[in-house]
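These numbers come from the heavy atoms of this one structure, side chains and all, not from hydrogens, waters or symmetry mates. Order of appearance sets the numbers: ligands from 1, and atoms from 1 within every ligand.
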Amino acid sequence: MPTTCVVGILWGDEGKGKVIDYLAAEADFVVRYGGGHNAGHTLILPSGKLVLHLVPSGIVHTHTRNVIGNGVVVDPVHLCGEIESLRGRGIAVELGRNLLLSERAHVILEAHRRQDHWAESVRSGGRIGTTGRGIGPAYADRCSRIGLRLGDLLDEARLRRGVQVIAEQKNAWFEPVGLEPLQVDAVVEQLLAAGAKLRAGIVDTGGVLRRAFADGKRVLLEGAQGCLLDLEHGTYPFVTSSHASTGGAFSGTGLPPHVMRVVGIAKAYATRVGEGPFPTELNNETGERLRAAGKEYGSTTGRPRRCGWFDTVAVRYSGAVSGASELVLTNLDVLRGFAPLRLAVAYRLPDGTRTTDLPAFDLDRAVPEFEDLPGFDVDVSEVRRFEDLPANARNYVQAIERLTGLPIRTISVGPGRNQVVLR
Ligand code: IMP
């Protein structure tokens, strides 16, 4: 199958960056299809740690072409900065050659960031806990048909008309609520400057990808965030504003729907950053130990991640929604010394019923039922063959397979490129 899509199974931060880096070695194209610089994909390279927010992880491989698809929202100022910092690390980024940007990708403005912070500050009934990067407001403007697209940055007259439309719409309510209004000239000037830097990369990426697909090229689709942050299928309203699950892979790239291999990435335990329901969350010393052992701090915002047990109810749901045919299990090494290892197998709902399905409402009131397994207290970070893992670690992996119905052939046991157990 020439196309593979890598998706996070829960709320993001599953270690997709490492898996994509690993799979990118075999890919001709690596494509981001959704989200923006709210994402943070961490790679551990021989030269040290690298966190990418917008540029696809294939950029570190000399032979891959990297695409920011139309489903991504792009902050052009951030993108210029990220490209510069990659170049500063000695990574060749050549717009038009190894980095292509969809002319249809929508643009994040400073005004969107201000709006994001404002919306959080006035929201009754609890903040979403967004990354504050303007993601939601940029997607909202796309739906309201007042958004700007990267291709607009290449034509001053068109850009000015577009900025005027946004300013009319936003300033009408920005000023009354105390938000700084958009200054059309300043916005146009800033976007034109970014457009001039990015010009060589802004193309019809959908056409490029369709031709590549027809030629049998290997395309790797890099999901951002995770299935439970998907706007449609996630834990709404505590989600991001894009189609983070596999559905976004078609609408966000312009590739026609076809059969693809979907690889779900799941951590050996669960984490979440931001607000929202999390049935297996550990608000205790065990949760703090997991956070410390897994160094669970957001790679974009630095916020401490909430930690909890592996949830087979949620993973089975996301596996079905995403069409994943297998799981890659990450961070197994982190579970060293935790006992028992607990797997959520069902929820008890407020009305007393038991379910093995993920409910659309009241997930915050679902109480998980667990299956407990013995732990292992051995360093597994140097293990490379499944049969060399301690028996209790193997049992844990096999229990996840049994309860989710998804095979696990690849297990990550550390951040390094080679810290992988294959079966
Ligand atoms: P937004 O995407 O900034 O609007 O944030 C919406 C929700 O998605 C918040 O709970 C964020 O913490 C979460 N989120 C967004 N991007 C990521 C990510 O890359 N990893 C984990 N959580 C994320």
Note to self: Taking atom CZ as the centre, does R104 end up with more than 12 heavy-atom neighbours from other residues, nucleotides or ligands that are less than 6.0 angstrom away?
What the structure shows: no

If we number the atoms of ligand 1 from 1 as shown, the ones under 4.0 Å from a heavy atom of G274 are 10 (O), 12 (O)

- Item | Residues E326, R409: salt bridge by 4.0 Å N-O rule | yes

Within the 4.0 Å heavy-atom cut-off, what V239 brings close to ligand 1 is backbone

Of all protein heavy atoms, the one nearest atom 19 (O) of ligand 1 is A39 CA, 3.3 Å

Here the gap from T271 atom OG1 to N331 atom CG, rounded to the nearest 0.5 Å, amounts to 8.5 Å

If you scan protein heavy atoms around atom 9 (C) of ligand 1, the nearest is G129 O, 3.1 Å

Atom 3 (O) of ligand 1 sits nearest the protein heavy atom T131 OG1, 2.6 Å

- Check: T240 N/O within less than 3.5 Å of ligand 1 N/O: yes

### Message
Are H243 and Y33, when compared by the centres of their aromatic rings, separated by less than 6.0 Å?
### Response
no

Ligand 1 atoms nearer than 4.0 angstrom to some heavy atom of R303 are 11 (C), 12 (O)

When distances are taken from atom 17 (C) of ligand 1, the protein heavy atom at minimum range is Q225 CG, 3.5 Å

Closer than 4.0 angstrom, basic N to acidic O: yes or no for R161 and D152?
no

Donor on one side chain, acceptor on other, H63 and N98, under 3.5 Å:
no

Problem set entry | E401 versus Y396, side-chain donor and acceptor atoms under 3.5 Å | no

For a quick check under 3.5 Å, do Q115 and K170 share a side-chain donor-acceptor pair by atom type?
yes

If you scan protein heavy atoms around atom 10 (O) of ligand 1, the nearest is V273 O, 3.3 Å

Any heavy atom of R272 under 4.0 Å from ligand 1? The part involved is neither

The answer for which part of W11 has a heavy atom under 4.0 Å from ligand 1 is backbone

With nothing but distance in play, are any N or O atoms of R133 less than 3.5 Å from an N or O of ligand 1?
no

Contact region, L229 to ligand 1, non-hydrogen atoms below 4.0 Å, reads side chain

Atom 5 (O) of ligand 1: closest protein heavy atom, distance to 0.1 Å, is T130 CA, 3.3 Å

Is a donor from one side chain sitting under 3.5 angstrom from an acceptor on the other, for S381 and D333? no

When distances are taken from atom 20 (N) of ligand 1, the protein heavy atom at minimum range is D13 OD1, 3.1 Å

* To do: Check whether the side chains of E222 and S57 place a donor and an acceptor atom closer than 3.5 Å, and report yes or no.
  => yes

